[in-house]
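We count ligands from 1, going down the list as the structure has it; atoms in each ligand are counted the same way. Only heavy atoms go into these numbers, but all of them, side chains included; no hydrogens, no water, no symmetry mates. Note that the numbering runs from 1 along the sequence shown for the chain.
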Amino acid sequence: MPKEFSAQRLDVKAFAEEGASLSGQAPVSAFERLMAETGGRGGDRLVTWSAQGALRNPHHVHPEIWLQLQAGARLSLICQRCLAPVDVDVAVDRSFRFVADETMAEAEDDESEEDLLALSRSFDLPALVEDEILMDLPLVPRHEECPEPLPAPVDDLPDEAESTKPNPFAVLGQLKK
Ligand SMILES: [Zn+2]
């Protein structure tokens with residue numbers, strides 16, 4: 001029977017050795033940082049993801065441990081042109097190589113084209129999904145074409161009486177005298 005893997009506490013090495021895969025989905029509301037980005041809009045939309053483990057050189061003394069991640073979501077961001085909500089599709093497809101520890105990941109990351117992460121026996125996969133989606137968000141979200149602004153309802157238009165009211169500061173000035 002194949003080993004059961006937990007997404008929240010993933011034994012990355014075993015996952016790669018078995019060439020196992022996992023997939024899942026969770027509402028945006030389950031991701032605190034994504035909810036912050038969307039201002040709480042669309043919390044019931046789904047973030048879907050899948051991950052595959054692999055050893056790139058299985059016969060080597062120190063086989064390379066890899067994890068490939070795909071994730072997708074449609075998030076409601078704010079259009080920087082018209083300031084109305086805009087739906088942005090995010091799709092992540094990246095591979096990560098796992099090295100012994102954090103120090104090694106940082107040391108090698110500068111020289112390496114690869115995305116390095118520190119090996120863990122209880123790796124938090126949903127947190128990586130969230131990290132990657134956040135990194136994939138556009139810096140300046142925008143509608144391709146902004147919706148036409150709705151005509152202001154008649155009630156909201158300043159009426160004659162209001163616009164001819166005296167400036168309140170002028171009134172204050174008179175009171176002081
Ligand atoms: Zn817009």
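- The main-chain N or O of Arg81 is never found under 3.5 Å from a side-chain atom of His143 such that the two would form a donor-acceptor pair.
- Aromatic ring centroids of Phe98 and Phe123 lie under 6.0 Å apart.
- Side-chain atoms of Trp66 and Glu64 form a donor-acceptor pair, as typed in the model, at a separation below 3.5 Å.
- Pairs engaging residues 120-135 under the salt bridge (Lys or Arg N to Asp or Glu O under 4.0 Å) rule: Asp11-Arg121, Arg33-Glu130, Arg33-Asp131, Arg94-Glu132 [sequence neighbours left out].
- Residue pairs meeting the salt bridge (Lys or Arg N to Asp or Glu O under 4.0 Å) criterion with at least one partner in residues 39-63, sequence neighbours excluded, are Arg45-Asp87.
- Cluster partners of Leu116, by chain and number: Val99, Met104. The rule joins Ile, Leu, Val, Met, Phe, Trp and Tyr whenever side-chain heavy atoms lie under 4.5 Å apart.
- Around the Zn ion (ligand 1), protein atoms of type N, O or S found under 2.8 Å number 4.
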